[in-house]
Amino acid sequence: MLYLIVNHTRKDLTEEQFAELGQLAQAFYENVPDGMTLRGDWGALDGSGTFSLIETEDRDLLDRVQAPFHDYVEMEVIPVAPLSGWLNR
């Protein structure tokens, strides 16, 4: 299953909290858990948030991985599927 993860960074973060968020993100990128594949990751140019495409069959794993981020971002998890051929319309 593919999931689009939309993270909106909380506007009231202190510099210390923003640094902690960066450390959490770096730890995730360096150690994506077994059973999960990061298919793509993008950041808004204004720094307001990130967008990730993650593949996993274990929704509980996804929830566990995302839990440490909840103090720093508002998160939306959207199950998605490819739309084959839509560019050719």
Side-chain angles (χ1 to χ4, degrees):
M1 172 75 69
L2 290 171
Y3 295 93
L4 177 64
I5 313 299
V6 181
N7 293 316
H8 297 283
T9 305
R10 295 186 190 273
K11 295 178 182 178
D12 61 348
L13 292 183
T14 65
E15 285 184 38
E16 182 179 331
Q17 289 171 316
F18 198 77
E20 291 168 359
L21 173 60
Q23 292 170 351
L24 280 173
Q26 187 64 36
F28 169 74
Y29 295 129
E30 291 174 355
N31 298 296
V32 176
D34 291 338
M36 178 179 286
T37 303
L38 179 63
R39 294 289 180 197
D41 194 39
W42 301 267
L45 293 178
D46 65 2
S48 63
T50 62
F51 311 87
S52 302
L53 187 62
I54 293 178
E55 184 173 3
T56 183
E57 296 302 321
D58 186 349
R59 176 59 194 259
D60 289 335
L61 173 62
L62 180 60
D63 292 340
R64 288 192 307 275
V65 166
Q66 295 295 312
F69 292 89
H70 285 254
D71 289 340
Y72 307 97
V73 298
E74 294 182 18
M75 191 175 303
E76 189 175 359
V77 178
I78 306 165
V80 295
L83 295 174
S84 298
W86 72 275
L87 289 174
N88 297 324
R89 292 183 187 180

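Treat the numbers as computed from the prediction; the structure is a model and nothing was measured. Just so you know, these numbers use all the heavy atoms, side chains as well, and skip hydrogens, waters and symmetry mates.
- Of all heavy-atom pairs between Met75 and Ile5, the closest is CG-CG2, 4.0 Å.
- Leu53 forms part of a hydrophobic cluster together with Leu2, Leu4, Val6, Trp42, Phe51, Ile78, Val80, judged by ILVMFWY side-chain heavy-atom separations under 4.5 Å.
- Between Tyr72 and Thr9, every side-chain heavy-atom pair lies at or beyond the 4.5 Å cut-off.
- Interatomic distance, CZ of Phe28 versus CG of Asp41, reported as 7.5 Å (0.5 Å rounding).
- Legend: residues meeting side chain to side chain contact (heavy atoms under 4.5 Å, CB included) with Arg59, ordered by chain and number and at least two apart, are Tyr3, Leu62, Asp63, Val77.
- At least one donor-acceptor pair closer than 3.5 Å links the side chain of Thr56 to the backbone N or O of Asp58.
- Between Arg64 and Asp60, some side-chain heavy-atom pair lies under the 4.5 Å cut-off.
- The shortest side-chain heavy-atom distance between Val73 and Gln66 does not fall under the 4.5 Å cut-off.
- Residues Ser48 and Asp46 bring a donor and an acceptor atom of their side chains to less than 3.5 Å of each other.
- Annotation: the span from Leu13 atom CG to Glu20 atom CD amounts to 9.0 Å, rounded to 0.5 Å.
- To the nearest 0.5 Å, atom CD of residue Glu57 and atom CE of residue Met1 are 7.0 Å apart.
- When all heavy atoms are compared, the tightest approach of Leu24 to Pro68 is CD1-O, 3.4 Å.
- The side-chain heavy atoms of Tyr29 and Leu38, taken from C-beta on, include a pair separated by under 4.5 Å.
- Residues Phe18 and Thr14 fail the side-chain proximity criterion, which asks for heavy atoms closer than 4.5 Å.
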